[in-house]
Amino acid sequence: MSISTPGGPERRPTVVSTGKKPAAGRPASGAKAGSGKPAGTPRAGGGKGPRKPITPVKVSQGRAWGPIALFVAVGVLAAGIIGYGAWASFQGSKPWDKRANAIDGIANYRKSDPDSLKYEAHKAGPLTYKYSPPVGGVHNAAWQNCMGDVYDAPIASEHAVHSLEHGAVWITYKPGLPQDQIDKLAGKVRGVEKMMMSPYEGLDKPISLQAWGYQLKVDNADDKRIDDFIKDLRVNASVEGPTALCNQGVTATGTTPRDDLQQPTQ
């Protein structure tokens, strides 16, 4: 009977199989190919693999329509202001007669009936006019004072036409026009040089405006064309230039021309 001794044949290490095979091309468990790290070396983060980046969560929000609408409104308003300014500047750059001719309903007798405006010399006494109220033609040597005068009674056309020749605008109104309408007209006249106003019998419209060679008839003192007429024709329609006098004229009312008054002629 033989007894094994320690110096007997070498013992081979016992290999315990887990029953799993490493995948092709993959190192056995416990080591990472090319890592240079021994198996079991702990990784940063507690031995877990690298964390995946967190994708930000997009929160859907509605558009802020309030500020957008305000911005658009401001833009439209600014564009409108600029556009109106450009238009007004263009209109203001037009010659005065072009602006006057653009007034709706204006009668331009300088163009349609220039013969009615001709005269060779001043004449005394009552005169006959083609248009009522008259807008030009032969007239008295004395003019009606037109320094923003508001007359509460009719005045002589022969004097008024001379004032038109000097560049005045003469506002006439039908007797019986409501007082608030008269007051509105007077507010456009009083204190303004080259302006005068008086009632006038026989008007076919409540209000009629005259400048030399031009006439505009309206129904109401609130008509914006009144202001356009005054702006475009006062002084500009003068036959004798802007320096022609409106003071030192006849201040008396009445439809008969005052030939008894001694005044400078011009």
Side-chain angles (χ1 to χ4, degrees), residues 91-146 154-174 188-189 192-198 200-219 223-246 249-250 255-257 259 263-266:
Q91 289 295 105
S93 66
K94 285 184 176 181
W96 66 267
D97 55 338
K98 297 290 185 183
R99 298 195 305 270
N101 288 332
I103 298 174
D104 185 37
I106 196 169
N108 181 355
Y109 295 114
R110 293 189 182 197
K111 182 178 180 180
S112 65
D113 191 5
D115 289 341
S116 67
L117 307 177
K118 292 179 180 179
Y119 73 97
E120 296 179 355
H122 295 142
K123 289 187 177 180
L127 301 171
T128 301
Y129 292 98
K130 184 175 182 179
Y131 301 103
S132 181
V135 295
V138 65
H139 50 267
N140 193 276
W143 58 89
Q144 193 76 25
N145 213 67
C146 45
I155 60 177
S157 293
E158 294 81 0
H159 298 313
V161 170
H162 196 156
S163 300
L164 300 185
E165 184 187 40
H166 287 196
V169 167
W170 177 25
I171 297 180
T172 56
Y173 60 92
K174 184 182 292 187
K188 302 176 186 295
V189 173
V192 181
E193 186 176 356
K194 302 289 177 80
M195 291 289 297
M196 63 183 183
M197 168 180 161
S198 68
Y200 190 94
E201 296 284 352
L203 283 181
D204 56 354
K205 286 279 189 177
I207 301 166
S208 181
L209 292 85
Q210 288 68 230
W212 184 272
Y214 293 90
Q215 189 170 65
L216 176 68
K217 295 182 178 183
V218 300
D219 295 314
D223 195 313
K224 69 179 186 61
R225 293 176 297 168
I226 295 175
D227 292 335
D228 294 336
F229 188 98
I230 295 171
K231 179 181 177 181
D232 295 335
L233 293 169
R234 186 181 72 88
V235 180
N236 290 327
S238 172
V239 177
E240 297 185 343
T243 59
L245 298 177
C246 247
V250 175
T255 57
T256 302
D259 294 312
Q263 293 175 296
T265 60
Q266 186 175 351

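No experiment lies behind these values; they were computed from the predicted model shown.
Inter-residue side-chain proximity for Asp219 and Lys205 is flagged as met; some heavy-atom pair is nearer than 4.5 Å. In this structure, Met196 and Cys246 have side chains that are not in contact, with every pair of non-hydrogen atoms separated by 4.5 Å or more.
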Evaluate the criterion side-chain contact (heavy atoms from CB on, under 4.5 Å) for residue pair Trp143 and Glu165; output intermediate values, then yes/no.
CA-CA 9 Å; Trp143 58 89; Glu165 184 187 40; over 6 Å; no
Given side chain to side chain donor-acceptor pair (under 3.5 Å), test His166 with Glu240 step by step and report yes or no.
CA-CA 6 Å; His166 287 196; Glu240 297 185 343; 3.2 Å; yes
side-chain contact (heavy atoms from CB on, under 4.5 Å) between Val161 and Trp212, worked out:
CA-CA 8 Å; Val161 170; Trp212 184 272; 3.7 Å; yes
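Between the side chain of Thr172 and the backbone N or O of Ser208, at least one donor-acceptor pair lies under 3.5 Å. Using modelled atom types, one side-chain atom of Lys194 and one backbone atom of Pro242 make a donor-acceptor pair closer than 3.5 Å. Counting only distance, with no hydrogens or angles, the side chain of Lys94 and the backbone of Ala100 share no donor-acceptor pair below 3.5 Å. No donor-acceptor distance shorter than 3.5 angstrom exists from the side chain of Asn140 to the backbone of His159, with no hydrogens or angles considered. Using modelled atom types, one side-chain atom of Tyr129 and one backbone atom of Val138 make a donor-acceptor pair closer than 3.5 Å. Formation of a donor-acceptor pair under 3.5 Å by the Asn236 side chain with backbone atoms of Asp232 is found in this model. Judged by distance alone, with hydrogens and angles left aside, the side-chain atoms of Arg234 form no donor-acceptor pair with the main-chain N or O of Met195 at under 3.5 Å. Distance alone, capped at 3.5 Å, places no donor-acceptor pair between the Arg99 side chain and the Asp228 backbone. The backbone N or O of Leu127 lies less than 3.5 Å from a partner atom in the side chain of Glu158, making a donor-acceptor pair. A donor-acceptor pair under 3.5 Å is formed between the side chain of Gln210 and the backbone N or O of Trp170.
To the nearest 0.5 Å, atom NZ of residue Lys217 and atom CD1 of residue Ile207 are 12.5 Å apart. Here the CG-CG distance, from Leu233 to Leu216, works out to 9.5 Å after rounding to the nearest 0.5 Å. Rounding to the nearest 0.5 Å places CG of Asp204 at 8.0 Å from OG of Ser132. We find the CD1-CE distance between Ile155 and Met197 to be 11.0 Å, quoted to the nearest 0.5 Å. Summarising the geometry, atom CD1 belonging to Ile226 is positioned 6.5 Å from atom CD1 belonging to Ile171; distances are rounded to the nearest 0.5 Å.
What you find for Val169 and Ala211 is that their closest heavy atoms are CG2-CB, 4.4 Å. Minimum heavy-atom separation, Pro257 to Pro126: CG-N, 3.7 Å.
Contact check on Lys130 versus Asp113 returns a salt bridge, with a Lys/Arg side-chain nitrogen under 4.0 Å from an Asp/Glu carboxylate oxygen.
Using bins of under 30°, 30° to 60° and over 60° for the plane-to-plane angle, the ring pair Trp96/Tyr214 lands in the perpendicular bin. By the 30° and 60° cut-offs, the orientation of the rings of His122 relative to His139 is tilted.
By the 6.0 Å contact criterion, NZ on Lys174 is enclosed, its count of non-hydrogen atoms from other residues, nucleotides or ligands being greater than 12.
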